[in-house]
Amino acid sequence: MDGFTVFMLAIVCVGVPVTLGIGSGMFKGWLRHKETMATALNAQTAEKAAQYAAHTERLEQRVRVLERIVTDRGIELSDEIELLRDDRPLNGTKTTQEMRS
């Protein structure tokens, strides 16, 4: 055997396993990092989903209240709105026209 063949045999028998061992350790570390990042992202996503659900619930409650106001007091509310449009003074207060002059 010549020197080149011995060198190549040493590379194959020693160098390849060492390289694969180091590479597999790095790959395992990278996978652990990715798993940690995925866990953190899942926790953030769950927290955001809970916040959105709470916000949606608050909005639904407000809409229910508004629907109840409109349906229960439809006529009264209409009358109150019309009273607000009227420019006559209420309870002795001045109108906007009188305040300007």
Margin query: In the structure I gave you, are the side-chain heavy atoms of Glu60 and Val63 within less than 4.5 Å of one another anywhere?
Written below: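 They are not in side-chain contact.
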In a table with atom names and distances, give each donor-acceptor pair under 3.5 Å that connects a side chain of residues 13-32 to protein atoms at least two apart or in another chain.
from  : atom 1 : to    : atom 2 : distance (Å)
Thr19 : OG1    : Gly15 : O      : 2.7
Ser24 : OG     : Leu20 : O      : 3.3
Ser24 : OG     : Gly21 : O      : 3.0

Does atom CD of Gln61 have more than 12 heavy-atom neighbours from other groups under 6.0 Å away?
-> yes
Does atom CZ of Arg62 have more than 12 heavy-atom neighbours from other groups under 6.0 Å away?
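12 or below, so no.
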_Results of side-chain contact (heavy atoms from CB on, under 4.5 Å) for Leu41 - residues two or more places apart only_ =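 Per chain and number, Leu41 pairs via side-chain contact (heavy atoms from CB on, under 4.5 Å) with Gln44, Thr45.
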Scan the side chains in residues 4-12 for donor-acceptor partners under 3.5 Å anywhere in the protein, sequence neighbours excluded, and list what turns up.
from : atom 1 : to   : atom 2 : distance (Å)
Thr5 : OG1    : Asp2 : OD1    : 2.4

